[in-house]
Amino acid sequence: MNPCGVNPVAVNPVVVVHGGGASHIAKDRKEMVRQGVLRAATAGYSVLKAGGSAVDAVESAVAVLEDDPEFNAGCGSVLNVNGEVEMDASIMSGKDLSSGAVSAVRCIANPIKLARLVMEKTPHCFLTDRGAAEFAAAMGVREVPREQLVTERNRRRLEKEKHCKSAPKPEPQKHLGTVGAVALDSKGDVAYATSTGGIVNKMVGRVGDSPCIGSGGYADNDIGAISTTGHGESILKVNLARLTLFHVEQGKTLEEAAEVSLGYMKSKLKGLGGVILVNKAGDWTVKWTSESMPWAAAQAGKLHCGIDLNTTSITDLDLL
Ligand SMILES: COC(=O)C[C@H](N)C(=O)O
């Protein structure tokens with residue numbers, strides 16, 4: 001009971017993660033991908049259960065996915081036209097709208113941790129390329145050898161893409177994309193985090209939607225938190241994250257808002273993608289227009305998980 005005699009809103013902590021909108025996930029990889037998103041949601045939820053903040057939870061969930069070579073972020077990042085890894089990431093707290101982002105960063109394992117340092121240790125929101133690298137060094141972030149982030153699968157993927165490349169189309173990623181998380185903590189604060197290697201065969205210096213606040217994600221306690229995935233150029237053009245939350249502000253449910261904004265991006269640009277959302281009531285939703293999107297959610301001792309439409313499973317959560 002607070003001093004006004006009103007019960008405080010009961011908060012039901014929740015974390016939701018995604019492993020990127022995708023047009024095809026080979027059968028033999030599906031189980032590894034499923035295990036990856038489940039591990040990330042479990043990690044995020046244990047942070048919340050231990051009293052950690054929503055920002056702590058989304059950072060640790062995304063770091064788990066960055067460390068998993070099955071996903072296009074951190075050590076599984078796709079390669080640019082020169083065969084190099086350039087990564088983008090962003091993070092935001094719904095409590096005070098504080099935000100941090102990095103783009104075109106190389107040779108670090110966890111861009112999401114660097115984005116958080118930008119949020120907390122600089123007066124800025126966004127550092128890129130050389131400046132981001134200098135800041136990482138100043139913060140004592142360990143440099144990893146370039147080769148450590150380049151997987152054999154991504155080398156082959158680049159070769160294949162170069163050979164069969166026709167004109168670029170506003171299609172979803174042919175492979176697994178971007179990773180992201182949204183969370184609500186026990187204090188009622190929400191947050192999001194998104195991290196990616198971008199799109200295969202991209203130009204050097206190409207920056208996608210994922211590090212851009214309002215496109216790759218957004219968090220505001222009064223509305224909710226969202227992380228997005230899909231065709232970056234389309235997401236940027238419609239500001240997918242903020243657009244979705246705008247529809248929530250206008251009174252739509254999370255699910256309706258996600259459907260309207262993804263529908264708008266598809267009809268306007270033929271751009272496909274996916275979103276995950278939470279709000280401070282503990283409601284959450286996942287939605288995508290791409291063929292599939294691996295996702296997992298942890299709430300009230302249960303783990304929810306899916307990859308394709310109509311394949312949701314619910315199991316009891318064993319905390320790590
Ligand atoms: C599914 O793929 C992605 O999400 C890629 C990411 N949105 C980008 O364009 O950089």
Side-chain angles (χ1 to χ4, degrees), residues 17-25 29 33 36-37 40 62 65-66 68 70-74 76-81 84-91 101-106 111-112 115 126 128-129 153-154 157-158 161 168-182 192-218 226-244 258 261-262 265-266 269-276 286-295 307-308:
V17 307
H18 70 75
S23 67
H24 185 68
I25 304 172
R29 290 190 50 230
V33 164
V37 287
V62 163
L65 294 167
E66 287 178 335
D68 186 335
E70 287 302 318
F71 298 93
N72 172 18
S77 291
V78 296
L79 307 181
N80 69 14
V81 64
E84 299 157 339
V85 164
E86 286 188 331
M87 301 166 290
D88 299 336
S90 64
I91 190 164
V102 292
S103 66
V105 293
R106 298 151 182 247
I112 200 62
F126 201 152
T128 190
D129 201 353
R153 186 156 57 88
N154 279 318
R157 189 180 279 179
L158 177 64
E161 185 68 17
K169 294 178 211 108
E171 275 181 348
Q173 282 300 92
K174 289 200 191 73
H175 310 282
L176 272 184
T178 304
V179 303
V182 291
Y192 95 86
T194 305
S195 181
T196 190
I199 53 175
V200 65
N201 204 23
K202 65 185 181 181
M203 289 173 70
V204 175
R206 178 264 189 188
V207 174
D209 57 304
S210 305
C212 297
I213 310 296
S215 290
Y218 202 81
I226 174 169
S227 169
T228 69
T229 174
H231 183 249
E233 282 69 14
S234 300
I235 295 174
L236 278 167
K237 286 173 192 166
V238 304
N239 287 184
L240 185 64
R242 195 62 186 83
L243 176 66
T244 308
S261 63
L262 284 168
M265 187 167 92
K266 190 172 172 183
L269 302 164
K270 297 195 183 73
L272 304 184
V275 295
I276 55 175
V286 299
K287 232 184 180 74
W288 63 93
T289 47
S290 45
E291 201 177 302
S292 53
M293 183 182 79
W295 63 272
I307 295 184
D308 305 305

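Both counts, for ligands and for their atoms, begin at 1 and track the order of listing.
- Note on residues 229-241: pairs passing salt bridge (Lys or Arg N to Asp or Glu O under 4.0 Å), not counting sequence neighbours, are Arg206-Glu233.
- Atom numbering of ligand 1 starts at 1 in the shown order; those under 4.0 Å from a heavy atom of Thr178 are 2 (O), 3 (C), 4 (O), 5 (C), 6 (C), 7 (N).
- A donor-acceptor pair under 3.5 Å is formed between the side chain of Asn80 and the backbone N or O of Glu84.
- The shortest N/O to N/O separation between Thr229 and ligand 1 falls below 3.5 Å.
- Each of the following atoms of ligand 1 lies closer than 4.0 Å to a heavy atom of Ile199: 9 (O).
- Taking both residues in full, the closest heavy atoms of Val78 and Asn72 are given as N-OD1, 3.0 Å, listed atom of the first, atom of the second, then distance.
- Of the possible donor and acceptor atoms, none in the side chain of Asp209 sits under 3.5 Å from a partner among the backbone N and O of Ser234.
- The N/O atoms of Gly20, backbone and side chain alike, include none that comes under 3.5 Å of an N/O atom in ligand 1.
- Of all the atoms in ligand 1, the ones that sit under 4.0 Å from a non-hydrogen atom of Gly21 are 1 (C).
- Ligand 1 has a nitrogen or oxygen under 3.5 angstrom from a nitrogen or oxygen of Gly232.
- Within the 3.5 Å criterion, the main-chain N or O of Ile112 finds a donor-acceptor partner in the side chain of Glu66.
- Residue-ligand proximity: Lys202 is placed with every non-hydrogen atom at 4.0 Å or more from ligand 1.
- Formation of a donor-acceptor pair under 3.5 Å by the Thr228 side chain with backbone atoms of Ser215 is found in this model.
- Checked by distance only, ligand 1 and Asp209 come closer than 3.5 Å through their nitrogen or oxygen atoms.
- In this structure, Thr229 contributes its side chain and Gly21 its backbone to a donor-acceptor pair below 3.5 Å.
- For ligand 1, the atoms closer than 4.0 angstrom to any heavy atom of Gly198 are 5 (C), 10 (O).
- For a threshold of 3.5 Å applied to N or O pairs, the pair formed by Arg206 and ligand 1 contains at least one separation below that value.
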